[in-house]
Each structure stands twice: as C-alpha cells, then as structure tokens.
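Notes follow once the structure below has been shown.
Keep in mind the model is a prediction, meaning the values are calculated, not measured. Read the numbers this way: they start at 1 and go in the same order the structure lists the ligands and their atoms.
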Amino acid sequence: MRILVLGGGAREHAICWKLKQSPRVAKIFCAPGNAGIAQIAESVELIPTDVKAVVGFALRERIDLVVVGPEGPLAVGVADALDKERIPVFGPRKNAALLESSKAFAKEFMQRHDIPTARYAVFSFEEQIECRAFLRHVNYPAVIKADGLAAGKGVMICETEAEATHALDEIFTHRIFGEAGQRVVIEEFMEGEEASVFALTDGVDYAVLASAQDHKRILDGDRGKNTGGMGAYAPAPIVTEDIIEQVKKEIIERTLKGLREEGRMYRGVLYCGLMITNGYARVVEFNVRFGDPEAEVVIPLIDGDFAEILLACAEGRLSTVLPIKQFQASAVTIVMASQGYPDSYQTGEVISGLEEFNQKREIEEGTVVFHGATKLDDKNHYLTSGGRVLSVTAVGFAEDLRQTITQAYNAVSQISFNGAYYRSDIGKKGLKAMQTV
Ligand code: AMP
Ligand code: GLY
C-alpha cells in the first residue's frame, strides 16, 4: 500500500509511525511532514489545503490511501475531491467537516438529532442588537464562540455582561477572528471535567478508541493561556464504562445516524470533546480528525493493523476489521514547547539527546518521541521549528499510570534545547480520578 498523510505535526508523526508497523505498507509520503517524520516517510512539498495539488500528487504517485491529519484540508473539501477520483480517503466530506468548521452548524445539528450539549443561541453580524439584548438576560458565566475555524482561540468564557459585551465588540467590531467571526454562538457554561472519546467510522459502523484527557492550558494546574495542548494521557479513568455506553448511544450513534440522514458522508475519526458532569457526558465540541496531542497517546494503544483499519474506514467496510482491540496499557505524552508559546518564540534552537531514542528503546521500554516542529540543519542536527516541538511519549502498564508518567518525564529529562518548556503535571488528573472512581 502507498499512503499519503497530510499534515506535519506530532499527530501526523504518530499516524505515520503506526502505519509503518503494518506489513501491508510499502511507502508513506507525508505533506509537508517534518524532520522526525522524515525518518519513516518521504516528505512532500505540498500545501495540504491545496486540493488540486493533493489530488494531482495522489494520482501521479498511485496513492492507495490518503490520511488527513488536520481539519483545514477537510474544511475545503479535500475528501470530496479525492473521492471523485476514487482515491480512498480517511477523513469526512466537506459537508460533514462542518461539525468542526462551523460551531453554529454543530450546535444546530446536535439540536436536530437530540445530542446532549450546552444550551445555546446563534447570532449573525446583522443580529447584533438582538444579541446584545440576549446577553442582558443570560446566566453568567456564559461562553461566546466565533462560528468558524479559529485555531482553538475562538472561545471566550465571560463572567459578566460587561465582559460578554466586550467579547462581542472584539468579534463583530474589531473582527479579531475575521471571517470566522461572521456569526457567534452563545452558550451556557458547563461545569465539570473535560475528556475526549474518538470513534473510527465508515459512517455506519464505528469503533471507540481509548478515552483521553488533553491539558490545554500553558501552566501547571490548568492555569494560563489556552494552547493547542501541552500533553495528554490515555485511557482517562473519569470516562467510566457507563459513560462510554452513554457516549455511544446518545452521542456517536445519533451523530452518525444524523449525518447519514442528511447525506453527509463521514469516513474518518470523530473526535467527541466532552464535558463530564456528575457522571453524564455532554458535547463541548466535535472535531473531524484526531486530536493533537491526544493522537500521540490514543494511536499507540491500538492493537491492530492501522493501515488496514484506516483503509477499511475509507472504503466503507469497517465491519470487516471489527472488533478493533486495544492494548491493556496506559500512555502519556508530554509536549516540549518553545519558551514563549503560545505567543511568540524563537526557533532554530539545537535539540540534543534525541539520538538516545531508537527503536530498541521503543520496543524494550515503550518510549517514543514524536516530532511536532523540527527541521535538520546541514550538519544533520535537529533544530526547533515551531511552538510545540516534541511530544515525548511513554507506554506502560494499564494499572500503573504513575509509572508511565515517570517514564515519560525521564525521557523528557534526557532531551534539551534552549528555552525548552513543558508542564510538570501531565496525567495528574488521571491519578486523582483513579483514587475517586
Ligand atoms: P472549543 O473550541 O469549543 O472546544 O472550546 C475550547 C475550550 O473552551 C473547551 O475545551 C472548554 O475548556 C471551554 N469551553 C467551551 N465551551 C464551553 C462550555 N459551554 N462550558 C464550559 N467550557 C467551555
Ligand atoms: N488537542 C485538542 C485538539 O486537537 O483540538
């Protein structure tokens, strides 16, 4: 099998790494990839959202499967275009990717199909007067979200009406989110703890993967700015068997049925971002792709031929590879970021210690480093090239999350670069939940 993976972060490194383990895979291309991914896949200079170029490349290189990492290409219809050429693609069509690319669409979809989520209202730019009136009467805190894709930054939690009005000015008057802020969703604030559940699907059948918890804030104790994610672990004990059953029945199955009824083809992974309140899960958001850094812990726990599974999804025959087994293990990933992230930061810092992480260590110890943003200099040194540089991952015994966390931090301590920053409490929530569950 010849596979093209779109994207170039640690999520895509984890995807390529798992695909590479499949005996059916002859060649992996990754566009644009990064220096770490280049160890196992050929980098391709292609912009993933350039749909024409992606299709052209896939045809020329006789690609058997395209796996889409990020949401951007899906939102502009890369799956539709590949489908038209009969190239199997793991990732939903544009009209289904709306679940992520339009928060207003997602909320209305959830309402149509009775999927548990926070109460909400949608207002367009033209409805500002109504919107401001509405803000006078809602309960606070309230959540204001820009409708479109805003790289995880489009959500504002407002404690008072004054804050909400200010947020609205930012979106509608100062247009801080540009086009993405043409409409806003105003939502009830949900108390609880967040976790995510991933379902691989061909639109009809589905398989639930290990649950995970991300750590979105920059500082320990979930304080400070929001980031793309500073670390994750799986499985998440807060997501009990009962909650999984509820998520299947009330969220995943209703979503897939709704998508089918509305003629929105979904072959890929459905990311259910959940708020768990008193043992009941409601949807915070849907994403139409793997999470990053969640992918770095969820994918290593899949016990099966990843290429075979993703191709089965893409070809609408997931049932032929079910059930998908999971390793009885725990996984932890720690993001090493550049000092200053999520604001501005330096790049081009030399990374040392990566040589220590080889396949032997991976197999014997269960430690693997996924590259998020690296490049090679002309002396073959790895350099930092972005905000989230490395996802340092450990897989260990299921019963001993504490040991898996230690193993991941041990690996982190062997890697260094100027200004390396990471949180020191990744996975602690899991330890706490284990004591109470
Ligand atoms: P989203 O991009 O919709 O996932 O929102 C980003 C983050 O904002 C989420 O991960 C939550 O931490 C928080 N958030 C969003 N919506 C709500 C809500 N209705 N209640 C509480 N927190 C929320
Ligand atoms: N880690 C959150 C996301 O990928 O959206």
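For ligand 1, the atoms sitting less than 4.0 Å from at least one non-hydrogen atom of Glu194 are 9 (C), 10 (O), 11 (C), 12 (O), numbered in the order shown with element in parentheses. Atoms of ligand 1 found under 4.0 Å from any heavy atom of Glu285, numbered from 1 in the order shown, are 1 (P), 2 (O), 3 (O), 4 (O). The atoms of ligand 1 that sit less than 4.0 Å from any heavy atom of Val155 are 1 (P), 2 (O), 3 (O), 5 (O), 6 (C), 8 (O), 15 (C). For ligand 1 and Phe189, the ligand atoms under 4.0 Å from any heavy atom of the residue are 20 (N), 21 (C), 22 (N). Below 4.0 Å from some heavy atom of Lys145 lie the following atoms of ligand 1, by number and element: 3 (O), 15 (C), 16 (N).
At under 3.5 Å, not a single nitrogen or oxygen of Asn226, backbone or side chain, sits near a nitrogen or oxygen of ligand 1. By the 3.5 Å distance cut-off applied to N or O atoms, Met190 is counted among the residues near ligand 1.
Counted by atom type alone, Lys216 and Thr227 present zero donor-acceptor pairs between their side chains at under 3.5 Å. In this model, no donor atom of one side chain and acceptor atom of the other lie less than 3.5 Å apart for Glu188 and Tyr120. Of the N and O atoms on the side chains of Gln39 and Trp17, not one donor lies less than 3.5 Å from an acceptor on the other residue.
Aromatic ring orientation, Phe290 versus Phe90: parallel (interplanar angle below 30°, classes split at 30° and 60°).
With Asp222, Asn287, Val284, Asp214 as candidates, the residue nearest to atom 14 (N) of ligand 1 on a non-hydrogen basis is Val284. Compare Lys103, Glu188, Met275 by their heavy atoms: the one nearest to atom 2 (O) of ligand 1 is in Lys103. In this structure, of Val283, Leu274, Ile157, the residue bringing a heavy atom nearest to atom 13 (C) of ligand 1 is Ile157.
Residues meeting the side-chain contact (heavy atoms from CB on, under 4.5 Å) test with Lys257, sequence neighbours left out: Arg260, Glu261. Residues that satisfy the salt bridge (charged side-chain N to carboxylate O under 4.0 Å, His left out) test with Glu349, not counting sequence neighbours, are absent from this structure.
For the salt bridge (charged side-chain N to carboxylate O under 4.0 Å, His left out) with Arg289, the lone residue among Glu294, Glu12, Glu100 that qualifies is Glu100.
Salt bridge Lys429/Asp214: absent, no basic N to carboxylate O contact under 4.0 Å.
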N/O pairs closer than 3.5 Å, ligand 2 and protein:
{"from": "ligand 2", "atom 1": "1 (N)", "to": "Asp214", "atom 2": "OD2", "distance (Å)": "2.8"}
{"from": "ligand 2", "atom 1": "1 (N)", "to": "Gly228", "atom 2": "O", "distance (Å)": "3.3"}
{"from": "ligand 2", "atom 1": "1 (N)", "to": "Asp292", "atom 2": "O", "distance (Å)": "3.0"}
{"from": "ligand 2", "atom 1": "1 (N)", "to": "Glu294", "atom 2": "OE1", "distance (Å)": "2.8"}
{"from": "ligand 2", "atom 1": "1 (N)", "to": "Glu294", "atom 2": "OE2", "distance (Å)": "3.4"}
{"from": "ligand 2", "atom 1": "4 (O)", "to": "Arg289", "atom 2": "NH1", "distance (Å)": "3.0"}
{"from": "ligand 2", "atom 1": "4 (O)", "to": "Asp292", "atom 2": "N", "distance (Å)": "3.0"}
{"from": "ligand 2", "atom 1": "5 (O)", "to": "Asn287", "atom 2": "ND2", "distance (Å)": "3.4"}
{"from": "ligand 2", "atom 1": "5 (O)", "to": "Arg289", "atom 2": "NH1", "distance (Å)": "3.4"}
{"from": "ligand 2", "atom 1": "5 (O)", "to": "Arg289", "atom 2": "NH2", "distance (Å)": "2.9"}

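Within a 6.0 Å radius of CZ in Arg175, more than 12 heavy atoms belonging to other residues, nucleotides or ligands are found.
Taking a 4.0 Å cut-off on heavy atoms, Glu191 fails to register as neighbouring ligand 1.
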Check residues 324-333 and write down every donor-acceptor pair under 3.5 Å in which the side-chain atom is one partner and the other belongs to a residue at least two apart or another chain.
{"from": "Ser330", "atom 1": "OG", "to": "Phe397", "atom 2": "O", "distance (Å)": "2.7"}
{"from": "Ser330", "atom 1": "OG", "to": "Thr404", "atom 2": "OG1", "distance (Å)": "2.8"}
{"from": "Thr333", "atom 1": "OG1", "to": "Val392", "atom 2": "O", "distance (Å)": "3.4"}
{"from": "Thr333", "atom 1": "OG1", "to": "Thr393", "atom 2": "OG1", "distance (Å)": "2.9"}

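Aromatic ring centres of Phe189 and Tyr140: separated by at least 6.0 Å.
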